[in-house]
Structure formats: C-alpha cells, structure tokens
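Okay, structure first, notes after.
So that the names make sense, note that chain A is the first sequence line, chain B the second, and so on, each numbered from 1. These numbers come from the heavy atoms of this one structure, side chains and all, not from hydrogens, waters or symmetry mates.
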There are 2 protein chains.
Amino acid sequence: MLLIRNVMNQNILLTVDAAVFGYEHGHISVLLVKRKYAPFKGEWALPGGFVLENENLEEAVERELLEETGVKINYLEQLYTYGDTMRDPRGRVVSVAYFGLVKPTVFKITAATDAEQVAWFPVNKLPKLAFDHKTILNMAVKRLQGKITYEPIGFELLDKKFPFSDLEKLYTTVLGREIDRRNFKKKITNLKILDELDEKVSNGRGRPGSLFQFNEQRYFELKKEGIIFEI
Amino acid sequence: MLLIRNVMNQNILLTVDAAVFGYEHGHISVLLVKRKYAPFKGEWALPGGFVLENENLEEAVERELLEETGVKINYLEQLYTYGDTMRDPRGRVVSVAYFGLVKPTVFKITAATDAEQVAWFPVNKLPKLAFDHKTILNMAVKRLQGKITYEPIGFELLDKKFPFSDLEKLYTTVLGREIDRRNFKKKITNLKILDELDEKVSNGRGRPGSLFQFNEQRYFELKKEGIIFEI
DNA sequence: TATTTTTGTGTTGTTAATACGCAATGTTAT
DNA sequence: ATAACATTGCGTATTAACAACACAAAAATA
C-alpha cells in the first residue's frame with residue numbers, strides 16, 4: 001500500500017452513510033443521529049462514518065450503525081455514491097450511501113433508548129440535516145417507493161407475522177396514494193408468496209383477520225420461473 | 001484538509017471506472033483498454049483511473065475516458081461502487097463505476113484508431129479482464145437490459161436519424177429475445193416520442209423505410225403527464 | 001338488538017397485451 | 001420483363017390483466 005501511496009498522493013477520504021427506514025402506524029420514519037462535533041455540531045445527520053482500511057463497505061455501514069445507534073440492520077443495499085468536491089467543508093470526502101430497512105421490533109427498541117442522540121423522524125417531519133444528507137434521503141425515499149413496487153422488500157418493514165391490512169396500509173403510506181384493498185389482495189394472493197396462518201388477530205373493533213407470513217423460499221422459486229413481483 | 005488528515009489517517013484510494021457500450025449491426029460492444037503497467041499489465045480493463053482532488057466523480061470519468069480512449073461520452077450515469085478490501089492487489093482501492101453509452105459515430109471513430117491499446121469487444125466475446133472488472137461489466141449489462149425497457153436510453157446507441165428496423169434490432173440484441181415487430185411498433189408509435197421524417201432509406205434489399213427521430217422534448221412532456229415509457 | 005367497523009370474496013366492464021394475416025414496395029435472380 | 005424474395009407498413013381477433021364496484025361475514029360498540 002505504501003508503494004501506491006508513494007506514487008499517488010490522493011487526499012480524498014471515504015465515508016459511508018445509511019438511510020435506514022422503519023414503519024409503524026402509517027408512518028415511515030428514518031433513523032438520525034445528532035452530531036457531536038463540528039462541522040454541523042448539534043445538527044441531525046444520517047448515521048455513518050469513515051471506512052476502515054480492512055473492512056468492506058457493507059461492514060463499515062453495519063459497524064457504524066451499531067456503534068452510533070445500536071441498530072442491527074436486516075436489509076441493506078447500496079444506494080448511491082456522493083462525491084461532489086464541495087459536499088464537506090472539511091475537504092474532499094466521498095460518501096457511499098446505503099439504504100436500509102428494519103422491522104418493528106428493532107424500531108421500537110431504538111425509539112426507547114438514546115433519545116437524546118438518536119431518534120426516528122417521520123419522513124414528512126424532518127429536521128434540518130447536515131451536509132448533503134437531505135439529498136441522500138430524498139433519493140432513498142424514491143428508492144423505497146420504486147423498489148417496493150417490483151420487489152418484496154415491504155415485508156422487511158413488518159413483523160414476521162402480520163395481518164393483511166398492515167401490508168395494505170404500508171403500501172398506501174409508502175406510495176402516498178390509496179390502493180383498492182380488494183384488487184391489492186388479489187394481486188398478492190395470486191403471487192402465492194404469502195402463507196395464511198391459522199392464528200387470527202383482532203384490531204380493536206371489526207372482524208378479526210388472519211395472520212400472514214412472507215414465504216421467501218416460494219418467492220425465489222417463482223422468480224426462477226419468471227414470475228415477477230409487481231404492484 | 002490537513003486538519004482532517006491529521007485526525008483521520010485513512011489509507012484508501014479512490015478510482016472511477018467506466019463500462020461504455022456501443023451498438024452496431026446487431027452487436028453490443030464494450031470499450032476496453034490494454035493495461036500498460038502492473039498489476040495486470042497487458043490485460044484488458046475498463047477505462048478509468050484515480051480521481052483528482054478538485055474534480056467531481058463524473059468529471060473524473062469523462063477526463064479518464066478522453067485521456068485513455070479519446071471518447072467523448074453522450075450518456076453517463078453512476079452504476080455501483082466496488083469496495084471489497086481485496087479487489088486490488090496493490091492495496092485498498094475503492095472504485096465508483098459508471099455506465100455509459102455512445103452513438104455509432106463515436107463508436108466508428110474509436111474503432112478506427114488506437115487499435116493496439118483501445119478496442120471495442122462484443123459483450124459475448126470478451127477477453128479476460130483485470131481486477132473485478134468482469135463483475136462490474138456483468139452489472140452494467142444488466143443495467144442496460146433493465147433500463148432500456150423503462151427509459152428511452154436506446155436512442156443514445158443509435159444515430160440521430162434511424163430506420164425503425166434499427167431500433168427493433170437493437171432491442172432484440174440487448175434483450176436477447178425476439179420481439180414482435182408489429183406490436184413493438186404499435187407501442188412506440190402510441191408513445192408519440194418518435195417523429196417520422198420524409199426521408200426514406202434502403203437497406204440493400206426489401207422495401208425502403210422511413211427515417212425516425214427521437215423527440216426528447218415530447219418525451220419529457222409526456223413524462224410530466226404521467227405517461228410512462230415501457231417496452 | 002341495531003349500528004358500526006373491519007375483513008373476506010365476488011362480478012363486471014374496460015383496457016392493454018399478444019398472436020397472427022396480408023398488402024405494399026423495393027431488390028435480386030432468371 | 002417477370003417471378004421470387006426481402007423488408008416495411010397496417011390491420012384484426014383473441015386473450016389476459018386491470019380497475020371499479022357490491023355485498024356478505026365476523027367481530028366490537030352503543
């Protein structure tokens with residue numbers, strides 16, 4: 001490494017940032033941390049930090065998330081790399097942004113601890129964000145809205161077992177528009193990726209509904225056969 | 001910058017790589033350069049190189065492309081960032097990969113010059129590639145196949161004026177399957193994004209066909225109205 | 001016991017996708 | 001010249017997907 005550093009004296013630093021979403025009661029929230037040091041001290045920012053020399057990018061994201069927020073992520077994918085020369089006042093810092101989803105259990109635990117430094121913000125009630133994190137977050141929201149229509153990532157935001165109405169409510173929330181409950185159910189059931197359980201659950205008033213469970217195995221089989229998930 | 005370097009001594013170098021595609025006569029080709037120095041000296045690789053401290057990532061890609069291959073790119077978008085610790089034998093090098101398209105005019109010029117160091121290879125007749133560039137290229141091909149079905153990027157691979165059969169042939173080539181000529185034409189004409197010109201052109205034998213031209217302005221208007229391009 | 005709320009299962013009309021047929025217009029072979 | 005061939009251009013019938021809507025079933029609540 002010193003070999004290449006001798007030839008190539010490149011003063012660029014590399015970070016990772018994570019836009020992690022959670023869902024509860026008709027609200028999509030994003031995980032933010034309050035910055036302890038300058039620049040943007042005291043402002044809210046996406047969790048993240050410098051990449052270590054001996055770790056892969058995903059490992060860096062998972063480590064920073066755990067260190068800064070205590071969150072163990074269950075879904076993570078690369079979003080985009082932000083490398084504009086002026087995006088960090090300290091100098092040239094390039095950031096590889098990731099897109100993550102957590103289940104309600106993780107969401108609740110995080111919401112209960114560290115309220116001072118770590119918090120979930122509904123995406124429509126965001127504070128001012130440090131750096132270009134608002135830009136990153138905008139792209140992450142679009143990724144969520146886009147991807148949820150052609151890949152079954154919505155289940156990553158729900159408990160393992162969930163009533164069908166929860167899934168429907170999630171989709172209306174993310175997509176920001178009403179969807180016909182009956183046609184939606186037809187689409188999902190035709191895909192045969194949900195197992196209906198014997199358990200029923202009551203949502204306060206109204207008829208109790210069955211609990212469902214996403215069958216990932218079945219999804220992969222159907223994908224191989226060319227059957228595509230689409231909402 | 002020295003301030004942050006003093007605190008953060010991060011030995012990671014940043015490069016850009018470009019997977020640039022061209023099209024002619026039913027073949028999708030990718031632009032490769034022969035490496036002059038170790039590692040992988042003499043092997044073929046994607047054009048690219050180290051990012052300079054005072055340039056944005058896109059600027060770095062465009063500069064490297066021009067320097068190494070003489071190609072001025074007309075379509076460029078970010079593909080993915082590759083950051084595995086072992087991807088470069090020299091040490092930790094993270095690469096932001098880009099995806100590019102050039103028109104036949106550019107394609108022909110490049111094919112004529114620098115044949116020793118720079119060449120176009122059909123994607124189904126690739127040589128052994130340096131680093132993890134085969135992985136990058138695989139993703140780039142998938143991006144091309146995916147994106148051509150829901151955004152009108154195919155026109156970036158054709159001349160400004162083209163017979164309809166060229167567009168059809170391009171799609172069969174990229175997607176790797178036959179498409180019904182009549183239904184395909186119906187879809188495209190319904191979108192109203194092509195202007196039919198008075199000029200006709202003969203392809204050797206057979207009935208001469210009209211030349212068409214992509215109307216980008218019209219496409220943006222239709223996009224605003226919610227009409228989506230889909231093949 | 002009636003009302004309200006939520007779940008579950010249909011049906012119907014409309015639109016888009018698919019699978020073809022065939023004429024029109026040129027070149028090439030005889 | 002004329003028949004054979006290749007390619008373009010336009011059309012229709014069938015099929016599958018989508019969207020809009022009605023109503024019954026099962027619970028809580030008044």
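Close to D:dT8, at under 4.0 Å from its OP1 or OP2, lies a side-chain N or O of B:Ser165.
With A:Val96 as the fixed residue, the side-chain contact (heavy atoms from CB on, under 4.5 Å) test singles out one of A:Thr15, A:Val51, A:Leu14: A:Leu14. Just one residue in the list B:Lys192, B:Lys224, B:Glu151 forms a side-chain contact (heavy atoms from CB on, under 4.5 Å) with B:Tyr219, and that residue is B:Glu151. A:Ser29 pairs in a side-chain contact (heavy atoms from CB on, under 4.5 Å) with only one of the listed residues (A:Phe121, A:Tyr23, A:Phe107), which is A:Phe107.
Between the CZ atom of A:Phe212 and the P atom of C:dT6 there is a distance of 18 Å, given to the nearest Å. Here C:dT9 presents its P atom at 11 Å from CZ of A:Phe164, a figure rounded to the nearest Å. Atom CG of B:Asn190 and atom C1' of D:dC10 are 13 Å apart (whole Å). If you take CG of A:Asn203 and C1' of C:dT4, they are 15 Å apart, rounded to a whole angstrom. For the pair A:Lys185 NZ and C:dT6 P, the computed distance is 16 Å after rounding to whole Å. In this structure, the CZ atom of B:Phe184 is 16 Å from the P atom of C:dA19, given to the nearest Å. Per the geometry, CD belonging to A:Glu230 stands 13 Å off C1' belonging to C:dA17, to the nearest Å. In this structure, the CG atom of B:Leu167 is 12 Å from the P atom of D:dG9, given to the nearest Å.
Direction of the helix axis in the helix from C:dT1-D:dA30 to C:dT30-D:dA1 shifts by 0° between the two five-pair termini, rounded to 10°.
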Using a 4.0 Å heavy-atom cut-off to protein, can you give one letter per nucleotide of nucleotides 21-30 of chain D, 5' to 3': B if the base is in contact, S if only the sugar-phosphate is, - if neither?
BB--BBBS--
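In this structure a side-chain-to-backbone donor-acceptor pair under 3.5 Å is present from A:Glu68 to A:Gly48. Between the B:Asp132 side chain and the B:Thr135 main chain, no donor and acceptor come within less than 3.5 Å of each other. Judged purely by atom type and a 3.5 angstrom limit, A:Thr69 has no side-chain atom pairing as donor or acceptor with the backbone of A:Leu66.
Between A:Lys161 and A:Asp159 there is no salt bridge, since none of the side-chain N atoms of the basic residue sits less than 4.0 Å from a carboxylate O of the acidic one. Taking the charged nitrogens against the carboxylate oxygens, A:Glu59 and A:Arg63 have no contact shorter than 4.0 Å, which rules out a salt bridge.
With ring centers used as reference points, A:Phe21 lies under 6.0 Å from A:Phe99.
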